[in-house]
Each structure stands twice: as structure tokens, then as C-alpha cells.
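Step one of this worksheet: look at the structure below.
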Amino acid sequence: ALNGPIVAPVYYDISSTLGFAKYDDNDMTKGNLTKGSITVYPDFKSMSVSLNGVYASGKQGPFKAFQGFTSSTAVNSLAEPEYSGILKAGLSATIKPVSNLLLSAGGDIIFTAIDDIKQAGFQYSAGFNWQIVSDVSLGANFGQYIGKEDYEEQFGPNKTQLKITAAIAF
């Protein structure tokens, strides 16, 4: 993993994980998960803008499908697929128009990478978190995944969700 400033206020973050597995008398398999982002922090209302990507190998070159040790959802579809045989590229942003309100938005283009790399759909989300007082907050998030029918087996059908949260700390 590497991270740090390129030139202030632009920062990068990149990490890669190689997985090796051998089951019974089968050959050793190798999988790869690589994540990267470039984030800009303009000097305006605590704003951030990020360009990011994630690749989890399928059957490309020397790699087989990446298998994570811990469950982690890669796409916000109904099937909620794991990070395996997928490529995802996206853009996200946050801003605090006032000190106690955080707005966020983002979108990703989703590609299947099981064998060949082909576009499978996209997802987007928008939300807010309002810190009403120091120990009371209210938030909401709206998101949608829209996929191509050809890839419903891997990613599942389209999904639209609205999540509302409230928290009181004691």
C-alpha cells in the first residue's frame, strides 16, 4: 500500500492484495485485489472530490477469481456480490455547506471481470448527515443500481434504496 500527497491539496492512495490458495491436490491459485484513488481537497467548505477504482481478478492472465477472507459487498444490487471478478470505477464528492451538515454524492461504472472485462451496469448515491446538536444526528441516503440483463446472474436485478438514520448518543 502507498499513500500520500502528490501536490497539496491532491492526494493518492493505492493498495494491492495478492491471494494464494491451494485446495487438496489442485494447483496453487492466485487472485488479486487492487484499489486506488486520487482525492482533491479544495479549500472550500471542507469539500473533497475523489476518482477511484477497484479491480478484483476473475480469470485474467495468471490470476483466478479473487476470494476475500472477509465478506465485503462490491455492488449495491440485490445480489450484493463480493469483490471477485469485478472492475469498478467511480467519482464521489462531499461538501459541508454549513458546519453541521455533510452532503455526499457518488457514482460508479461496474464491469464484470470474470473472463473478459465488459460493462455490466452503474450505480449512484446521494445523501446527507445533519448533526443537529453534539449528540443528535439525522441522515438519509438514496441509491440506485441499474444493470444490464446479461449480468443479472452475477450482480442480481436492479435495486433502489432509501435509508434514513437517526442517532442519539448518551
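Residue numbers count from 1 along this sequence. On a predicted model such as this, the values are computed, not experimentally measured, just so you know.
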Which residues pass the side chain to side chain contact (heavy atoms under 4.5 Å, CB included) test with [X], not counting sequence neighbours?
X: Lys59; result: Asp115
X: Glu82; result: Ser71
X: Asn3; result: Asp13
X: Ser46; result: Lys96

In the hydrophobic clustering that connects Ile, Leu, Val, Met, Phe, Trp and Tyr at side-chain heavy-atom distances below 4.5 Å, which members other than Tyr11 occupy its cluster, ordered by chain and number? Tyr41
Whether Ser92 side chain and Gly106 backbone form a donor-acceptor pair below 3.5 Å: no
Exam field: side chain Thr34 to backbone Tyr55, donor-acceptor pair closer than 3.5 Å: no
Strictly by side-chain hydrogen bond (donor to acceptor under 3.5 Å, both in side chains), give each pair with a member in residues 132-144 just once, sequence neighbours left out. Tyr124-Gln144, Gln144-Thr160
Can you name the residues that form a side-chain hydrogen bond (donor to acceptor under 3.5 Å, both in side chains) with [X], not counting sequence neighbours?
X: Ser48; answer: Thr94
X: Tyr145; answer: none
X: Asn129; answer: none
X: Lys64; answer: none

All pairs passing salt bridge (Lys or Arg N to Asp or Glu O under 4.0 Å) where residues 151-170 contributes a residue, at least two apart: Glu80-Lys159
Is the Lys NZ or Arg CZ of Lys148 less than 6.0 Å from the centre of Phe155's six-membered ring, within 45° of the axis? no
